[in-house]
Amino acid sequence: MRDTILVTGGAGFIGSNFILSWMETAGSEVINLDLLTYAGNPANLSSLDRDPRYLLVRGDICDADLVGSLLRKHQPRGIVHFAAESHVDRSIASPGAFIRTNVQGTFVLLDQVKGYWSELNAADQAAFRFLHVSTDEVYGSLGAHDPAFSETTAYSPNSPYAASKAASDHLARAYHHTWGLPVLTTNCSNNYGPFQFPEKLIPLVILNALEGKPLPVYGDGKNVRDWLFVEDHCAAIRAVLQRGRVGETYNIGGNSERTNIEVVNLICDLVDEMRPPRSSGARRNLITFVKDRPGHDRRYAIDASKLTRELGWQPAEQFEGGLRKTVRWYLDHSSWVESVQTGAYLEWITQNYTERLAI
Ligand code: NAD
Ligand code: TYD
């Protein structure tokens, strides 16, 4: 077994940030298995193009032969499993892809890893880790005064995305319980930061605000999310991979509950400050309330005290500071923005917003 880790979905938003920070901290070899769907962008990792410690393999986690041969060839000591379909609105429009990648893909990966792991010697088996990256959305929706989700909150997924992630969490748990595979699961709240595909709320609003387009807010704008800067998520994953107790799940969150309208207002003010508006006036004037998402979860909040208590992790970034860095990043990376605002992106914007904005 080598010091290598196999990352799935490493060309996506969180995976790219994770690989970049892994190279700066742990520094060992990374194999990135990514299908490069609309959400995967190898340019996120172009700074590693000549780094001998990094290899991108374009492929599908549902391809058992490919996964099995990669494991035997590269002999990783751990897996960090990000690959997924990740956008709730797309899961409502076309749930099939979510079942395929999130459920079937996680099953194939777990099963191939079990086969590889069972062939290792006892010391390597004990050192091996499979970290399954999941979401707080598996717990469902909270009322305004409910306590935050803890690791013992019952699963109650509401969207096809959340249901597919819940199914994958159960499979990961079953592979540990039945065969002793050294699985760890993390359930994290909403992330934001560099490289996020602009179909999600924060980058969508930053780019629309810059371009003077309507800022679509679903429903009454009072849905609450618990926002975490992506680098803090990456630090938590490293802590769990290196020091987490096998078989456990760890919630990860930012202690930063905000309503959507608060988030959108803050983005407007930051964009106004960094790119003062010309004739069109303050960006807040662009806010447009639109038709709600069906089954829209009202509130998410994470109790991450287990992770703090056991592994000493805490978020380093406050929401306002992290959002400022994020707006600055999108302003400074206009060529990255142009490169992702192409076919699949434009199709999605038409599909999701034409009818909503007409109301
Ligand atoms: P993303 O959509 O930005 O990236 C997903 C990546 O997976 C892409 O690079 C894509 O090409 C790849 N992929 C998709 N299907 C694949 C397949 N069949 N085989 C191989 N690769 C495939 O997602 P993200 O926001 O970076 O999320 C990463 C993980 O973190 C997901 O598992 C998600 O459920 C979880 N998560 C995300 C958030 C969030 O706020 N974004 C919060 C908590 C948990
Ligand atoms: P999103 O970024 O899609 O993440 P998630 O649905 O996984 O929480 O959405 C965050 C919140 O913002 C969610 O309550 C839905 C809302 N939202 C809008 O109001 N307008 C939009 O255009 C989008 C994409 C999301």
Side-chain angles (χ1 to χ4, degrees), residues 7-18 32-42 44-45 56-63 66-67 80-92 97-98 100-102 104-106 108-109 132-138 141 158-159 161-162 164-165 168-169 186-193 195-205 208 214-228 230 233 237 251-253 258-261 263-264 287-293 296-300 302 348-349 352-353 356-357:
V7 172
T8 70
F13 162 49
I14 305 173
S16 301
N17 280 284
F18 177 80
N32 176 13
L33 172 61
D34 196 301
L35 187 57
L36 302 182
T37 67
Y38 79 92
N41 185 351
N44 297 355
L45 295 156
L56 170 66
V57 177
R58 183 174 193 177
D60 192 338
I61 57 166
C62 298
D63 181 342
L66 172 67
V67 173
V80 185
H81 175 36
F82 293 102
E85 289 291 336
S86 69
H87 186 34
V88 173
D89 292 315
R90 284 185 192 258
S91 83
I92 295 167
F98 289 71
R100 182 181 180 280
T101 287
N102 301 2
Q104 175 72 8
T106 300
V108 168
L109 188 65
H132 174 60
V133 179
S134 191
T135 166
D136 61 354
E137 303 195 24
V138 298
S141 182
N158 288 321
S159 69
Y161 164 65
S164 68
K165 291 296 290 188
S168 70
D169 293 10
T186 55
N187 293 90
C188 188
S189 62
N190 285 62
N191 284 216
Y192 66 99
F195 300 117
Q196 189 166 30
F197 194 76
E199 63 185 356
K200 305 278 170 70
L201 178 72
I202 288 183
L204 180 105
V205 167
N208 281 14
L215 309 179
V217 175
Y218 296 168
D220 64 3
K222 294 201 178 120
N223 301 67
V224 173
R225 298 292 183 262
D226 179 355
W227 294 97
L228 182 70
V230 64
H233 188 185
I237 290 172
N251 280 358
I252 309 173
R258 299 286 185 282
T259 61
N260 292 337
I261 193 67
V263 172
V264 173
I287 292 172
T288 310
F289 289 90
V290 300
K291 190 174 152 197
D292 209 353
R293 170 188 284 173
H296 194 174
D297 283 341
R298 192 64 174 168
R299 173 176 167 239
Y300 303 142
I302 276 276
W348 170 252
I349 296 296
N352 194 44
Y353 295 101
R356 278 198 159 99
L357 284 167

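Order of listing sets the numbers, starting from 1, for every ligand and every atom in it. Note that the numbering runs from 1 along the sequence shown for the chain. Just so it is clear, the model here is predicted, and its values are computed rather than measured.
- Asn190 contributes no side-chain N or O that, together with a main-chain N or O of Trp227, makes up a donor-acceptor pair within less than 3.5 Å.
- Side chain of Ser164 to main chain of Tyr161: a donor-acceptor pair is present (N/O by atom type, distance under 3.5 Å, no hydrogens or angles).
- With ligand atoms numbered from 1 in the order given, ligand 2 contributes 3 (O) to contacts under 4.0 Å with heavy atoms of His87.
- Checking side-chain atoms of Asp226 against main-chain N and O of Gly253 turns up no donor-acceptor pair under 3.5 Å.
- Between Pro216 and ligand 2, a contact under 3.5 Å exists for at least one N or O pair.
- For the pairing with His81, the side-chain contact (heavy atoms from CB on, under 4.5 Å) check across Val133, Ile61, Leu33 returns one residue only, Ile61.
- Within ligand 1, counting atoms from 1 as listed, the ones closer than 4.0 Å to a heavy atom of Leu36 are 11 (O).
- Those atoms of ligand 1 that come under 4.0 Å of a heavy atom in Asn190, given as number and element, are 40 (O).
- At distances below 3.5 Å, not a single donor-acceptor pair connects side-chain atoms of Asn260 with backbone N or O atoms of Lys222.
- Between Tyr218 and ligand 2, a contact under 3.5 Å exists for at least one N or O pair.
- Residue Phe195 does not touch ligand 1, judged by heavy-atom distances below 4.0 Å.
- The contact set between ligand 1 and Tyr161, taken as ligand atoms under 4.0 Å from a residue heavy atom, comprises 33 (C), 34 (O).
- Residue Phe82 places a heavy atom less than 4.0 Å from ligand 1.
- Using a 4.0 Å cut-off between heavy atoms, Asn260 contacts ligand 2 through its side chain alone, with no backbone atom that close.
- Remark: ligand 1 atoms within the under-4.0 Å shell around heavy atoms of Val133 are 30 (O), 32 (O).
- Within the set Arg293, Glu137, Arg225, the minimum heavy-atom distance to atom 7 (O) of ligand 2 is found for Glu137.
- Within the 4.0 Å heavy-atom shell around ligand 1 one does not find Thr8.
- Considering backbone and side-chain N/O of Asp89, none are found under 3.5 Å from N/O of ligand 2.
- In Asn190, the part holding a heavy atom less than 4.0 Å from any atom of ligand 2 is the side chain.
- In the vicinity of Gly59, heavy-atom distances shorter than 4.0 Å reach the ligand 1 atoms 19 (N), 20 (C).
- Shown in contact with Ser189 at under 4.0 Å from a heavy atom are these atoms of ligand 1, numbered in order with element: 42 (C), 43 (C).
- With a 4.0 Å heavy-atom cut-off, ligand 1 is reached by no atom of Cys62.
- For atom 40 (O) of ligand 1, the closest non-hydrogen atom of the protein is Asn191 N, 2.8 Å.
- Residue-ligand proximity, Gly40 to ligand 1, at heavy-atom distances under 4.0 Å covers atoms 8 (C), 9 (O), 11 (O).
- Residue contacts with ligand 1 include Ser134, since one or more of its heavy atoms lies under 4.0 Å from the ligand.
- Among the atoms of Lys200, none of the N or O lies under 3.5 angstrom from an N or O of ligand 2.
- At least one N or O atom of Tyr353, backbone or side chain, sits closer than 3.5 Å to an N or O atom of ligand 2.
- Between Lys165 and Asp136, none of the side-chain N atoms (NZ, or NE/NH1/NH2) sits under 4.0 Å from a carboxylate O, so this pair counts as no salt bridge.
- Counting atoms of ligand 1 from 1 in the listed order, those under 4.0 Å from a heavy atom of Lys165 are 31 (C), 32 (O), 33 (C), 34 (O).
- The shortest N or O to N or O distance between Glu199 and ligand 2 is not under 3.5 Å.
- For ligand 2, none of its N or O atoms has an N or O atom of Trp227 under 3.5 Å away.
- Atom numbering of ligand 2 starts at 1 in the shown order; those under 4.0 Å from a heavy atom of His296 are 13 (C), 14 (O), 15 (C).
- A side-chain donor-acceptor contact under 3.5 Å links Arg356 to the backbone of Lys291.
- Residue contacts with ligand 1 for Asp136 are absent, since no atom lies close enough (heavy atoms, distance under 4.0 Å).
- Remark: minimum distance from atom 41 (N) of ligand 1 to any protein heavy atom is reached at Ile14 CD1, 3.7 Å.
- Ion pairing between a basic and an acidic side chain is recognised when a charged N comes within 4.0 Å of a carboxylate O; Arg100 and Asp60 show such pairing.
- Looking at ligand 2, you won't find any N or O of Leu204 less than 3.5 Å from one of its N or O atoms.
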